[in-house]
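Structure first, commentary second.
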2 protein chains.
Amino acid sequence: MGKMTLERIAELAGVSRSTASRVINDQDGVRPEIRRRVLDVIDVTGYVPHAAARSLAGQRSRILGLAIRATTEQVFSDPYFAGLAQGVSQACNDDDQTLSLFLLQSAAGREQLPARVLRSKLVDGLIVTATLMDDPLLWQLTESGIPLVVVGEVSDPGISSVDADNRGGARLAAEHLLAIGRRRIATVTGPMRSGAAATRRVAFERALAAAGHPLDPQLVVESDFTEEGAYTATQRLLPLEPDAIFAFSDRMAVGVVRALQVAGRSVPGDVAVVGFDDLPPARASTPPLTTIRQEVEQTGAHAVRLLLERIQAPDAPARRIELPTRLVVRASTSVSDLVGTDS
Amino acid sequence: MGKMTLERIAELAGVSRSTASRVINDQDGVRPEIRRRVLDVIDVTGYVPHAAARSLAGQRSRILGLAIRATTEQVFSDPYFAGLAQGVSQACNDDDQTLSLFLLQSAAGREQLPARVLRSKLVDGLIVTATLMDDPLLWQLTESGIPLVVVGEVSDPGISSVDADNRGGARLAAEHLLAIGRRRIATVTGPMRSGAAATRRVAFERALAAAGHPLDPQLVVESDFTEEGAYTATQRLLPLEPDAIFAFSDRMAVGVVRALQVAGRSVPGDVAVVGFDDLPPARASTPPLTTIRQEVEQTGAHAVRLLLERIQAPDAPARRIELPTRLVVRASTSVSDLVGTDS
DNA sequence: AGCCATGGTGGGAGCGGTCCCAGTTCATGA
DNA sequence: TCATGAACTGGGACCGCTCCCACCATGGCT
């Protein structure tokens, strides 16, 4: 079986290239009987259109890029990215797109992106995540004119974005900790250059203040979304004797718990701990973590949908989607409830 | 600045398309002076050739695929993949290739690969890793005729592959444990369906036997390369009171250490622990791990090199590269040497 | 002086699709 | 019965690049 081309398929099915093309792209205007014939031939030959040819002629590569602005190390150790990648990848498959992953680790890598990837029209659009507030990378990409969707918070409303409802999530955490009677509440945040972290922090403060128990600034320690970072951050917190700690991710919460346990504090007895994300580490932790659940995979899926829309209609106004968060109570805040309130 | 094409560049430089093409592809046969002129124009305009057009005309996409046969979860939590991806990615950049990552999680995903990716000629070649012994996926890929390089062990010598010297590494571990006087030596292995795990296990057994201290089969527990898995595996080992445990990865070694500590055994006092890989977890662990160092990033780089060779000369015989391993002694096996023998 | 290698250079023919438009067929309504 | 147009179908012109080959000056030979 020599190399298969549209031409060849058409010939085998006894139709023209055009008709074969219509069938393949599932366009209408082909008599059902003929469509069948072509489909049969495709089936038998296992023909798959040549990506490059399609891309060249159709001005569209059907490749979407997922660009993560973090070190390889971070990307491959943070379960958040696993979930996101999973969601994005799934959605791409469902939509017959291929996904290409770009790790924007080094400055060099970041420069390659616009050049090699964008100008060469390799991808039709880009999903970017883990960007900083007012990230210059974002300007660059916007200027380059490529369809873009950010996963996370963005300051520029002209950019489409998807994220969890960070504000609502942080509020849930605050209310829960107050509800179980904690008053010396601390928080281990993500880096303030991260939009999500900034948003959560502000919302957390507001919620506590609104309830009449303003957050003591001393009890706020900025960290970096890693377990190690949270571990040392917590050590700084220990002398201040908080009775609750809200960590901005489950992974950090694990670090928090470890630091507390090493220092002889019991969780949740002495200190209640709340995480964020509800990814695998939350359940695996001892004790299992109370956490703010966000639907990471869905976030990825929505990002793809939004991006596809942008590609189709580049001039439509940008949109932002915020996915709801939910409080999941487990043992790290609730003695009476060791069994957990998992759904 | 309208859309730039080779044609346009040629025109601006006052030469023909052919000449401009020669300059871009760095072929010789162009007068230096003219070459300069073209390069200048390219520089000024920021022209980058259209990937699809190039691919279509040149029969080569300049895209390499990295396919990992594991769940998204595993991929994004095992530091080994981080290192490998890093190495591969780097090498691709250096060679002006773009990298595309494929996670072969579901059976569905695995079927997409040959169809959408290979038959469509999206990638020029594939680096595959985390395959099983005699993985049907591998036959499929070989049959499809795509240039292929496996990272890991393969039974079929017709397939090029790169890996650490697992045999040598395991031997080093065995010799070290014997050298520090341990005799009741246990091992927590990876799944035997993994070639690397199988190889290490056999080599470990042989080395111990050769030294006159054959491995007690009871002290061999098969696990799954995760920390959790190693944790429970170690618990099964505890009643048998080993005085040393060789884990097939650093991550597993961390689980081993944790299980030992929870059970009140001291490391290395009661039990010495050796890991494999020398990736970040090895240093981060308390105590830091003695481990068998392998150069993961280099493995990735070699894989790219090998793949590029295969693409150029598909009929050249397959090659296998084994990268040397090295013993790195840290506190998990050596009380006297708490400072470590790090290089 | 005439001739042929030789290093440069330009033009044309694809690569394998998509898309537009013109042509064909056939049922419909006047 | 014939015009009318909707429903299909086929052909050709690209998309932007690479590659092959013909072409053109040179300059060293005989």
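Residue numbers start from 1 in every chain, and the chains themselves are labelled A, B, ... in the order their sequence lines are given, proteins ahead of strands.
The side chain of B:Leu56 approaches C:dG16 more closely than any other nucleotide in the set C:dT18, D:dC17, C:dG16.
In terms of phosphate contacts, B:Ser16 brings no side-chain nitrogen or oxygen within less than 4.0 Å of OP1 or OP2 of C:dG11. Listed pair A:Thr19 / D:dG10 meets the phosphate criterion, a side-chain N or O lying under 4.0 Å from OP1 or OP2. Put simply, A:Ser18 has no side-chain N or O that comes within less than 4.0 Å of OP1 or OP2 on D:dG11. Side-chain N/O atoms of A:Arg54 include one lying less than 4.0 angstrom from OP1 or OP2 on C:dT18. Between A:Arg17 and C:dG17 there is no side-chain polar atom (N or O) within less than 4.0 angstrom of OP1 or OP2. When the side-chain nitrogen and oxygen atoms of B:Tyr47 are compared with OP1 and OP2 of D:dG16, none of them lie within a distance under 4.0 Å.
A:Gly29 comes within 4.0 angstrom of a base, heavy atoms only.
Taking the charged nitrogens against the carboxylate oxygens, A:Glu33 and A:Arg36 have no contact shorter than 4.0 Å, which rules out a salt bridge.
Between A:Leu306 and A:Ser160, the closest heavy-atom pair is CD2-CB, 4.1 Å. For the residue pair B:Ala51 and A:Leu122, the shortest heavy atom distance occurs at CB-CG, 4.2 Å.
Comparing B:Ala57 and B:Gly14, the nucleotide of DNA chain C nearest to each residue sits closer to the 5' end for B:Gly14.
Panel note: side chain B:Asp43, backbone B:Asp40; no donor-acceptor pair is recorded below 3.5 Å.
One N or O donor and one acceptor, one from the side chain of B:Arg22 and one from the base of C:dG10, sit under 3.5 Å apart.
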